[in-house]
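In this text, all values refer to a predicted model and were calculated from it rather than measured experimentally. Scope of the values below: all heavy atoms of this structure, side chains included, with no hydrogens, waters or symmetry mates.
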Amino acid sequence: MPSNIEIKARVNDINCLKQKASELSGTSGTIIKQEDTFFNCQHGRLKLRELEDFSELISYIRPDGAGPKQSVFQKYETKDAQQLKKTLMSALGTRGILKKTRHLYMVGQTRIHVDDVQGLGHFMELEVMLKEGQTAEEGQLIARTLMKQLDIYEENLISVAYIDLLLEKDANVN
């Protein structure tokens with residue numbers, strides 16, 4: 001099963017982070033608009049990610065906790081997101097919907113995401129895509145090295161998924 005090592009962090013200066021990510025990747029990045037519908041499930045998380053050209057159903061298991069952690073996932077690509085969403089909503093119910101604009105930069109085997117999350121603000125993620133035979137420890141070392149290069153500090157790390165932050169915020173507002 002594919003896996004990665006990832007971190008998530010709050011971002012204070014999004015333009016500075018985009019510049020550093022651009023310098024590391026040698027590109028201006030790719031802008032991706034995403035809408036994620038999270039479904040109730042018993043194990044891990046399940047979301048339908050809708051993009052411009054296609055959609056993906058993504059199941060993943062990742063422990064909550066700050067710092068680099070391993071995520072194991074499965075993806076299923078579809079062109080008929082609406083019917084799949086309708087079926088899953090009927091069977092499982094939804095936890096919530098998250099919308100974001102993502103700037104994607106690739107540095108080696110790592111995806112750097114600089115995210116503007118609707119209702120939450122600015123965040124970033126590192127996803128070190130583990131190669132076959134590569135250990136989680138090797139991926140964590142890559143993540144920590146990039147954290148230093150991007151000036152991402154431990155106190156800015158978040159331990160949960162964006163949807164958890166959004167649901168917590170909504171609960172506190174109501």
- Message: side chain to side chain contact (heavy atoms under 4.5 Å, CB included) for Leu150 and Leu126? Distances and angles first, verdict last.
- Response: CA-CA 10 Å; Leu150 294 166; Leu126 295 177; 3.9 Å; yes
- Task: Hey, could you give me each pair passing side chain to side chain donor-acceptor pair (under 3.5 Å) that has a residue in residues 7-17? Not counting sequence neighbours.
- Result: Lys8-Glu125
- Task: In sequence, state the C-alpha distance, the side-chain angles, and the governing distance for His113 and Phe123, and then conclude on side chain to side chain contact (heavy atoms under 4.5 Å, CB included).
- Result: CA-CA 8 Å; His113 302 155; Phe123 295 86; over 6 Å; no
- Say whether Leu104 and Ile142 are linked into one hydrophobic cluster, either directly or through other cluster members, by side-chain heavy-atom distances under 4.5 angstrom. no
- Task: Given side chain to side chain contact (heavy atoms under 4.5 Å, CB included), test Gln82 with Glu50 step by step and report yes or no.
- Result: CA-CA 9 Å; Gln82 294 311 307; Glu50 296 176 73; 2.8 Å; yes
For residues 55-64, run the donor-acceptor check on the side chains, cut-off 3.5 Å, and write out each pair with its distance to 0.1 Å, sequence neighbours left out.
unit_1 : atom_1 : unit_2 : atom_2 : d
Arg62  : NH1    : Glu6   : OE2    : 2.6
Asp64  : OD1    : Arg45  : NH2    : 3.0

- Measuring from Leu157:CG to Glu155:CD, what's the distance to the nearest 0.5 Å? 8.5 Å
- What is the distance from atom NE2 of His103 to atom CD1 of Ile14, rounded to the nearest 0.5 Å? 7.0 Å
- Note on the structure: dist Leu146:CG -> Ile5:CD1 (nearest 0.5 Å) comes out at 13.0 Å
- Under 6.0 Å from the CD atom of Glu52, do we count more than 12 heavy atoms belonging to anything else shown? no
- Item | Side-chain heavy atoms of Thr27 within contact of Met106, under 4.5 Å | no
- Run through Gln34, Lys100, Arg102 and flag the one making a side-chain hydrogen bond (donor to acceptor under 3.5 Å, both in side chains) with Asp115. Arg102
- Task: Look up atom CE in Met89 and atom CG in Asn40, then write down how far apart they are to the nearest 0.5 Å.
- Result: 10.5 Å
- Taking everything shown except Gln149 itself, do over 12 heavy atoms lie less than 6.0 Å from its CD? yes
- Item | Any side-chain heavy-atom pair of Leu130 and Glu138 under 4.5 Å | no
- Determine whether Leu92 and Leu46 make a side-chain contact, defined as any pair of heavy atoms from C-beta on separated by less than 4.5 Å. yes
- Atom CZ of Phe54 with >12 non-hydrogen neighbours under 6.0 angstrom: yes
- Query: Same cluster or not: are Val107 and Leu17 linked, directly or through other Ile, Leu, Val, Met, Phe, Trp or Tyr residues, by side-chain heavy atoms under 4.5 angstrom apart?
  - Reply: yes
- Query: If only atom types and distance count, is the side chain of Lys20 paired as donor or acceptor with the main-chain N or O of Asp151 below 3.5 Å?
  - Reply: no
- Query: When hydrophobic residues are tied together by side-chain contacts of less than 4.5 Å, even through go-betweens, does Val114 share a cluster with Leu24?
  - Reply: yes
- Message: Under a 3.5 Å distance rule, please check whether Ser90 uses its side chain to pair with a backbone N or O of Lys86 as donor and acceptor.
- Response: no
- Answer yes if Phe38 and Val117 sit in the same cluster of Ile, Leu, Val, Met, Phe, Trp and Tyr residues linked by side chain heavy atoms under 4.5 Å apart, and no otherwise. yes
- Message: Between Thr87 and Gln83 (side chain of the first, backbone of the second, donor and acceptor by atom type, cut-off under 3.5 Å), is there such a pair?
- Response: yes
- Looking only at heavy atoms, what is the nearest atom pair of Ile158 and Leu165, with distance? CD1-CD1, 3.6 Å
- Item | Nearest atoms (heavy-atom pairs only) where Ala66 meets Ser159 | N-CB, 3.4 Å
- Validation row: Ile7, Ile152 side chains within 4.5 angstrom (heavy atoms): yes
- Task: Apply the test side chain to side chain contact (heavy atoms under 4.5 Å, CB included) to residues Glu168 and Val160: give CA-CA distance (whole Å), side-chain angles for both, the deciding distance (0.1 Å), then the verdict.
- Result: CA-CA 11 Å; Glu168 180 182 316; Val160 295; 5.8 Å; no
- Atom CZ of Arg95 and atom CD1 of Ile163: how far apart are they, to the nearest 0.5 Å? 6.5 Å
- Going from OG on Ser71 to CE on Met129, what distance comes out if it is rounded to the nearest 0.5 angstrom? 8.5 Å
- Message: On a heavy-atom basis, which atom in Gly139 and which in Val128 lie closest, and how many Å separate them?
- Response: O-CG2, 3.8 Å
- Item | Flag, side chain of Lys99 to backbone of Ile97, donor-acceptor distance under 3.5 Å | no
- Query: Is Tyr162 linked to Ile112 within one hydrophobic cluster, defined over Ile, Leu, Val, Met, Phe, Trp and Tyr using a side-chain heavy-atom separation of less than 4.5 Å?
  - Reply: no
